[in-house]
Number of protein chains: 2
Amino acid sequence: MQRDGSATSYDVARAAGVSQSTVSRVFSPKAKVSEAVAQRVRDAAAQLGYRPNRLARAMITGRSRIVALVVAHFENPFYPDSFEHLALALQKEGYHVLTFMAADLGARTDEVIQELLDYRVEGLIMASVGLSNELTQAIAEAEIPVVMFNRVQDHQDISGVSSDNVAGGRAIAEHLLRTGHSRISYIAGWEGASTQRDREAGFLAGLADGGATLFSREVGDFHHDSAEKAARRMFAAPVHPDAVFVANDHMAFAVMDVLRHDLGLRIPEDVSVIGYDDVPTSAWKSYDLTTVRQPVRAMVDGAVRLLLERIAHPDAPAARIVLEGALIERGSVRRA
Amino acid sequence: MQRDGSATSYDVARAAGVSQSTVSRVFSPKAKVSEAVAQRVRDAAAQLGYRPNRLARAMITGRSRIVALVVAHFENPFYPDSFEHLALALQKEGYHVLTFMAADLGARTDEVIQELLDYRVEGLIMASVGLSNELTQAIAEAEIPVVMFNRVQDHQDISGVSSDNVAGGRAIAEHLLRTGHSRISYIAGWEGASTQRDREAGFLAGLADGGATLFSREVGDFHHDSAEKAARRMFAAPVHPDAVFVANDHMAFAVMDVLRHDLGLRIPEDVSVIGYDDVPTSAWKSYDLTTVRQPVRAMVDGAVRLLLERIAHPDAPAARIVLEGALIERGSVRRA
DNA sequence: ACATGTCTTGAATTCGAATGCAAAGGCTTG
DNA sequence: CAAGCCTTTGCATTCGAATTCAAGACATGT
């Protein structure tokens with residue numbers, strides 16, 4: 001009974017006058033038990049408050065039904081939002097989510113991911129976190145499916161879902177040129193991120209195609225405070241840009257606040273600002289930020305699908321999904 | 001070896017020429033093994049990529065080293081922020097976090113928490129989620145420690161950490177009266193939440209003590225969109241308030257945007273706005289919101305401490321921690 | 001040299017549920 | 001009515017590591 005909290009299948013077996021195997025079968029959907037016995041067992045189980053121990057079940061079946069979710073930090077609301085939908089989608093598929101926050105751990109990340117693997121998770125979703133080469137190797141050897149979310153990884157055996165950041169960067173360049181801007185600048189994110197790299201590459205290519213070049217560039221590292229500083233540096237120059245593409249919305253808010261409240265500039269009359277992600281705050285009237293929308297729901301669905309397919313067919317090759325974003329025009333960019 | 005992914009202690013034992021027991025002892029800190037043998041085993045383990053299976057270990061020791069973290073949703077940034085720090089603090093203590101998002105599941109919440117218990121988690125932290133009576137009962141019977149985060153629960157056997165929302169509400173009333181406001185209104189959060197109830201109770205008590213009464217009241221349910229609607233309803237009246245206390249910062253931003261951009265009111269000249277939580281966005285220049293700071297770090301530390309103490313001493317009584325908040329004066333309230 | 005104690009190590013058991021195999025029972029069919 | 005088949009159930013084993021108990025190795029004291 002509840003000597004130490006919960007009943008075991010043996011307790012139920014004894015109470016129902018059957019064997020432990022039968023109890024087990026009653027709780028395994030595919031196994032067959034006569035309805036009369038099943039009912040007796042279910043009654044006894046309810047009586048004792050018995051539920052199968054998932055750890056024991058995982059041991060024997062080799063399927064823990066746990067997926068690990070690794071996230072760097074939640075400063076940028078894009079990530080908690082994605083996290084929420086990822087967790088819900090996985091829950092709907094009967095998986096439970098072991099979370100690991102990788103914030104500020106640097107090298108220790110590898111170690112803790114090893115710890116996650118010790119739980120025999122069936123798969124791994126990494127959002128906003130890169131993998132070291134050794135770890136990539138370790139994961140490949142453990143033969144555990146991995147999906148990178150909003151990042152691309154070069155290793156051929158790692159799946160990934162992202163939006164087309166190159167196309168998005170290019171669309172932004174085209175939009176700024178089309179609306180008649182001539183001194184166009186860029187505030188970069190953390191240079192180690194593929195999103196940063198791809199958005200900038202597309203943006204520069206788009207400028208080049210339009211016969212323009214970058215007016216100035218600063219690095220904001222995807223953090224609010226760094227972005228504020230980057231904006232101040234950028235606008236300390238004698239001539240300032242008439243448009244700034246900020247590598248994500250979260251930094252763009254910091255930049256807009258500096259421009260308006262520290263420097264007294266009007267947006268978009270004095271300077272246009274454009275972001276990336278389309279987090280909910282971008283639609284708020286205080287910012288009303290033109291941006292490129294990342295299709296979070298579709299990315300989440302894709303990530304979950306890739307992961308589950310890989311779990312079901314471990315020998316299938318890794319796959320990559322790249323979704324289209326969409327330029328959302330709001331009021332932070334001057335019209336032509 | 002890695003026939004199916006990972007080596008077992010038997011594989012290592014064979015490779016090192018020792019028994020499985022010895023391998024196990026090498027990986028149990030307290031057990032004693034001669035240094036020579038230990039080294040041989042460690043080498044073999046490294047060679048084979050062996051790490052102890054935590055599920056198997058949990059089975060025999062009865063300690064899964066897993067804590068469940070239940071969160072309703074991440075719309076209000078207070079929660080992802082708390083979640084991040086909770087997860088980090090628990091990781092630091094050697095626990096891993098099984099996450100469950102309770103968003104929109106309503107009655108199904110109970111069921112899924114049952115599922116969490118099936119993983120034999122050692123404890124449960126609930127943030128922003130209430131418990132049904134049956135569930136509270138089930139948890140008490142399972143003898144598993146529970147800590148409510150930013151909520152209080154009446155059940156005597158459930159620990160909780162919160163800030164003093166009554167005192168905070170009162171401080172806000174006093175501040176608004178001191179600064180000379182006379183038509184003071186309130187936009188409530190979801191009425192089922194203890195934070196909502198306590199903040200309003202303290203606020204009304206504070207007004208009463210100052211000889212004032214509430215000018216008007218609407219309900220925003222802690223959601224951005226509902227708060228916008230609540231603000232529009234409130235300001236559709238012929239005479240509008242000169243100060244509004246909004247039950248949390250997240251709703252206050254929505255209210256401020258409506259007041260400024262839809263209704264053309266100036267803050268604080270035409271109307272003062274005050275929030276609750278002090279989320280990072282409140283300090284941004286666009287909002288510059290006066291608010292009551294909830295001491296997130298201290299609340300997180302308290303929650304983790306309560307939980308771990310309860311895990312270590314299951315017979316100790318449940319405890320409650322109530323921390324002081326602090327009124328943070330910014331620019332959204334008119335000075336006297 | 002012998003008794004005693006300490007330290008290592010291995011054999012056997014355990015945690016809780018799933019499952020292959022075999023036995024027992026029920027039913028069909030010639 | 002017997003032979004054969006299918007269904008239901010129990011027995012015994014398994015997953016992987018921790019732990020109890022006992023035995024062996026070695027040192028110490030008298």
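Below, chains carry the letters A, B, ... as their sequence lines are ordered, and counting in each starts from 1.
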Compare side-chain N and O positions of [X] against OP1 and OP2 of [N] and report whether any pair is under 4.0 Å apart.
| X | N | result |
| --- | --- | --- |
| A/Y10 | C/dC15 | no |
| B/S34 | C/dT9 | yes |
| B/S24 | D/dA18 | yes |
| B/T8 | D/dG16 | no |
| A/S9 | C/dA17 | yes |

[X] and [Y]: side chain donor to acceptor below 3.5 Å:
| X | Y | value |
| --- | --- | --- |
| A/S19 | A/T22 | yes |
| B/Q39 | B/D43 | yes |
| A/R297 | A/H85 | yes |

Considering every strand and a 4.0 Å limit on heavy-atom distances, what is the contact class for A/R51: base, sugar-phosphate, or nothing?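 Sugar-phosphate, backbone atoms only, no base.
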Under 4.0 Å, counting only non-hydrogen atoms across every strand here, what does B/R54 touch: a base, just sugar-phosphate, or nothing?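 Counting heavy atoms under 4.0 Å across all strands, no contact is made by B/R54.
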Which nucleotide, [options], lies nearest any side-chain atom of [X]?
| X | options | result |
| --- | --- | --- |
| B/S28 | C/dG16, D/dA18, D/dG10 | D/dA18 |
| A/N53 | D/dA17, C/dT9, C/dG16 | C/dG16 |
| B/P52 | D/dC11, C/dT9, D/dA17 | D/dA17 |

So for B/R120 and C/dG16, does any side-chain atom that can act as donor or acceptor lie under 3.5 Å from a complementary atom in the base?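 In this structure, the two groups form no donor-acceptor pair.
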Decide yes or no, distance alone: a donor-acceptor N/O pair under 3.5 angstrom between the base of C/dA11 and the side-chain of B/S21.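 Side chain to base: pair found, below 3.5 Å.
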When rounded to the nearest 0.5 angstrom, what is the spacing between CD in B/E115 and CZ in A/R51?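 One gets 6.5 Å once the value is rounded to the nearest 0.5 Å.
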Rounded to whole angstroms, how far apart are [atom1] on [X] and [atom2] on [N]?
| X | N | atom1 | atom2 | answer |
| --- | --- | --- | --- | --- |
| B/R65 | D/dA18 | CZ | P | 13 Å |
| B/D11 | D/dC15 | CG | P | 11 Å |
| B/K30 | D/dA18 | NZ | C1' | 8 Å |
| A/R57 | D/dC15 | CZ | P | 19 Å |
| A/L55 | C/dA18 | CG | P | 12 Å |
| B/R14 | C/dG10 | CZ | C1' | 16 Å |
| A/M59 | C/dA18 | CE | P | 13 Å |
| A/Q20 | D/dT14 | CD | P | 15 Å |

Charged N to carboxylate O under 4.0 angstrom, A/E35 versus A/R42?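 Salt bridge: yes.
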Which residue, A/K32 or B/F27, contacts DNA chain D at a nucleotide closer to its 5' end, judged by nearest heavy atom?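 Nearest-nucleotide comparison on DNA chain D picks A/K32.
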Of B/Y50 and B/R25, the one whose closest DNA chain D nucleotide lies more 5':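 It is B/Y50, whose closest nucleotide lies nearer the 5' terminus.
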Where each residue is assigned the nucleotide of DNA chain C containing its nearest heavy atom, which of A/V23 and B/T22 is assigned the position nearer the 5′ end?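 It is B/T22 whose nearest nucleotide is closer to the 5' end.
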Where each residue is assigned the nucleotide of DNA chain C containing its nearest heavy atom, which of B/V33 and B/I60 is assigned the position nearer the 5′ end?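 Here B/V33 is the residue nearer the 5' end.
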Student check: side-chain heavy atoms of B/L117 and B/Q114 closer than 4.5 Å: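 Yes, close enough: below the 4.5 Å cut-off.
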